Amino acid sequence: MKISEILKNNKITLSMEVFPPKTSTAFETVNKAVKEIAALKPDFMSVTYGAGGGTSKHTVKIATDIKKQYGVTSMAHLTCVSSSEDTVKNQIEIIRDAGIENILALRGDIPAETEFPMPGQFKHASDLVHQIKNIAPDICIGGACYPEGHPEADDKTADIANIKKKVDAGCEFLTTQMFFDNSIFYNYLYRLREAGIFVPVIAGIMPITKKAQLARSIQLSGCCVPAKFKSIVDWFGDESQKMQQAGIAYATEQIIDLFANGIKNVHVYTMNNPEVALGIQNNLSEIIGK
């Protein structure tokens with residue numbers, strides 16, 4: 001099923017993201033985690049693209065298993081950083097042959113000390129979206145957006161202008177980068193609508209269950225961390241089970257607040273942790289009907 005059709009139902013959805021193994025030897029471990037998360041029957045699951053494209057074959061394999069073996073709608077990521085025009089054509093052919101109907105089109109993180117774009121590479125996600133749409137107009141395309149602004153954007157106005165380019169190129173929905181303060185998301189959603197961007201926006205939530213995750217998240221996304229969450233990490237961060245429980249509780253509170261304020265679609269960055277995915281779902285069981 002196309003994710004755009006799922007979102008049109010106007011019902012609460014809870015979807016989940018997983019990532020492929022960094023090495024072929026880790027495939028079985030990742031596959032076991034994916035199977036356990038898929039067993040929770042999220043509304044759909046997305047599979048990230050291997051860093052630099054090196055494990056991209058695992059992305060499609062996992063997305064295919066999610067759909068065919070576990071009966072859950074899946075979405076495969078595709079990035080500019082690791083994709084030439086020829087690579088895109090090849091990946092789309094593989095994705096379509098696997099029966100996957102959804103692609104999340106991203107620029108991707110540029111590896112350190114790497115020239116980008118190389119000849120034949122797409123520079124912006126909007127270019128990639130346009131190319132996918134030209135090659136496979138039947139594919140449902142999603143894009144990323146950044147409630148606190150893309151770290152490389154000149155300012156928030158320029159960032160939203162870039163988001164509009166993606167939507168105009170063919171993005172049918174957007175999924176946000178993680179955020180820890182819902183008021184930032186609500187304000188961002190208002191600014192998107194003001195800019196004429198009316199596609200569905202899925203709120204991306206990452207449960208922070210390890211102290212080290214927070215520093216890494218801030219480094220990658222530059223997101224703001226509320227004082228109350230800093231206190232949680234300071235108090236529980238050195239005790240793994242307590243931090244996991246507190247992180248799941250904080251993420252659950254965020255999601256409940258989103259639902260209570262009319263946001264119907266939430267995407268959980270599971271970090272391939274079935275316990276976290278299950279904890280979130282159990283906390284929301286009556287709300288989401290699972």
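Predicted model only: the values in this text are computed from it and were never measured.
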| message | Is there a side chain to side chain contact (heavy atoms under 4.5 Å, CB included) between L7 and I202? Walk through the geometry before answering. | response | CA-CA 9 Å; L7 301 178; I202 304 172; 4.1 Å; yes
| request: Would you mind reporting whether K156 and I160 have side-chain heavy atoms less than 4.5 Å apart? | output: no
| Atom pair CE/CD of M206 and Q177 - distance to nearest 0.5 Å | 7.5 Å
| note | Those residues at least two apart in sequence (or on a different chain) that pass salt bridge (Lys or Arg N to Asp or Glu O under 4.0 Å) with K164 are D168
| said: One pair to check against side chain to side chain contact (heavy atoms under 4.5 Å, CB included): V276 and T270. What are the steps and the verdict? | reply: CA-CA 7 Å; V276 172; T270 69; 5.7 Å; no
| N/O donor-acceptor pair under 3.5 Å between K165 side chain and A125 backbone | no
| request: Check step by step if side chain to side chain donor-acceptor pair (under 3.5 Å) holds for D43 and T13. | output: CA-CA 6 Å; D43 290 280; T13 67; 4.8 Å; no
| message | Check whether Q69 reaches the backbone of K35 with its side chain - one donor and one acceptor, N or O, closer than 3.5 Å. | response | no
| note | Residue pairs meeting salt bridge (Lys or Arg N to Asp or Glu O under 4.0 Å), one or both in residues 129-148, sequence neighbours left out, come to R96-D138, K133-E172
| said: Here's a test for you: under side chain to side chain contact (heavy atoms under 4.5 Å, CB included), which of I95, I92, D127 qualifies with I132? | reply: I92
| task | Compare every heavy atom of I255 with every heavy atom of I280, then report the nearest pair and how far apart it is. | result | CG2-CD1, 3.9 Å
| request: Answer yes or no: are there more than 12 heavy-atom neighbours, outside K210 itself, under 6.0 Å from its atom NZ? | output: no
| task | Step by step, work out the side chain to side chain contact (heavy atoms under 4.5 Å, CB included) result for C140 and E101. | result | CA-CA 6 Å; C140 175; E101 300 177 274; 5.7 Å; no
| Counting only N and O atoms by type, is there a donor-acceptor contact under 3.5 Å from the side chain of K41 to the main-chain atoms of Y70? | yes
| field | N272 (side chain) donor-acceptor with F19 (main chain) under 3.5 angstrom | value | yes
| Are the charged groups of E36 and K32 less than 4.0 angstrom apart, N to O? | yes
| Does T59 reach the main-chain N or O of T48 with its side chain, forming a donor-acceptor pair under 3.5 Å? | yes
| Going from CD1 on I141 to NE2 on H130, what distance comes out if it is rounded to the nearest 0.5 angstrom? | 10.0 Å
| task | Measure across L104 and G142 and return the closest heavy-atom pair with its distance rounded to 0.1 Å. | result | CD1-C, 3.4 Å
| Should V268 and V72 be regarded as members of a common hydrophobic cluster, given that ILVMFWY residues are connected when their side-chain heavy atoms come within less than 4.5 Å of each other, either directly or indirectly? | yes
| message | Filter on ring pair (Phe, Tyr, Trp, His ring centres under 6.0 Å), then keep only pairs touching residues 243-290, sequence neighbours left out; what's left? | response | F44-H267, F229-Y250, H267-Y269
